[in-house]
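Both ligands and their constituent atoms are indexed starting at 1 by order of listing.
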Amino acid sequence: MNINIFENADEVAVAAGNVFAEQLKVKPNSVFSFATGSTPVKMYDYLAQLNRKNEISFKDVTTFNLDEYVGIESDDVNSYYYFMHKNLFDKIDINCENTHILNGKAEDPEKECEDYERLIEQSGGIDIQLLGVGVNGHIGFNEPSNIFADKTFVVKLTESTIEVNSAYFPNNDIPLSAFTMGIGSIMRAKKIVFIATGKTKAHAVKEMAKGDISPKNPASILRFHQNAYIFLDKEAAALL
Ligand code: PGA
C-alpha cells in the first residue's frame, strides 16, 4: 500500500484528485466508483475546477457509487444521489445517463444488487475506486462483521455508523440499512484511491495499515490490493 501524508485536507484533495485527472488523460472513457461523506467534497471541488478550466473532461466517463441508504428517495437531501449531483455531477460535463447510483427505493433489493454488479461488469470494470473510511473502519457500508462480503448487498448499519449519521437526520428518521458494493466489488477495481482527513480517523487509519486483516476491520483488506494509494493529512496519519 502506497501511503502519502500531507500537511492538510486541501493538499490531500489535490493529490487524490490528480490521480483521477491523470487517469482521464490516459483513458477518457474511464470507469470511476465514487464515495460520499464529508471527506471527498474538497476533491470533488478540485475536479470540478479542473473541468471548468478544460483541463479534464468527464463526457465519456462512467461512474458507479459505492452505496446508498435503503428507503430513501433520490431527491431527499440526505440521499447519496442528491449528494453526488450537488457536489460533483451538476458541476461537470458528465453525461448523467452514465452515472449509476443504487436506488434506495428499489422494490426488489436483491435484483437491484444483481443488476448493479452486472452493470459494473458490462462497463469493463472499475478503473479507480475512491474510498473514505468510517471511524469504525468501514469502507462503503461494509461494516465490521464476521465475513468479507463479495458483491453488492443490503447491510444493517451498526450503532456506531447510525450515531455518526444522526447528525444529518435531525428528525430521527435515520436509515438503519443501506445498499453497498461488497468488499469483492471494491477489491476488483484496478486502482484504489483512499482518503482520510482529521483526527477522528486516526484510529481507523492505524487499524487499516497495521491492525489485523479481518472483516472486523474492513479497511484492512486494502493491504491485499496491488494498487492502493492512501492519501492522509497529518491528523489522520497521527497514529501510524
Ligand atoms: P466521512 O465518511 O467522509 O463523512 O467521514 C466517510 C465514511 O464513513 O466512509
Q | side chain to side chain contact (heavy atoms under 4.5 Å, CB included) partners of Asp115, counting only residues at least two apart | A | Lys111, Arg118

Q: I would like to know whether Phe32 and Phe20 meet ring pair (Phe, Tyr, Trp, His ring centres under 6.0 Å); could you show each step before the answer?
A: CA-CA 8 Å; Phe32 295 148; Phe20 287 88; 4.9 Å; yes

(Q) Taking the basic N atoms (NZ, or NE/NH1/NH2) and the acidic carboxylate oxygens, is any pair closer than 4.0 Å for Lys59 and Asp93? (A)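 Salt bridge: no.
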
(Q) Using a 4.0 Å cut-off on heavy atoms, what residues surround ligand 1? Order them by chain and number. (A) Gly37, Ser38, Thr39, Gly132, Val133, Gly134, His138, Lys201

Q. For Asp233, what residues pass the side chain to side chain donor-acceptor pair (under 3.5 Å) criterion, not counting sequence neighbours?
A.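 Counting only residues at least two positions away or on another chain, Asp233 forms no side chain to side chain donor-acceptor pair (under 3.5 Å).
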
Q: Could you check whether the rings of Phe64 and Tyr116 sit parallel, tilted or perpendicular, using 30° and 60° as the cut-offs?
A: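 Correct class here is perpendicular.
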
Mind listing the side-chain donor-acceptor pairs of residues 177-184 below 3.5 Å, one per line with the distance, residues two or more places apart or on another chain?
from, atom 1, to, atom 2, distance (Å)
Thr180, OG1, Phe141, N, 2.9

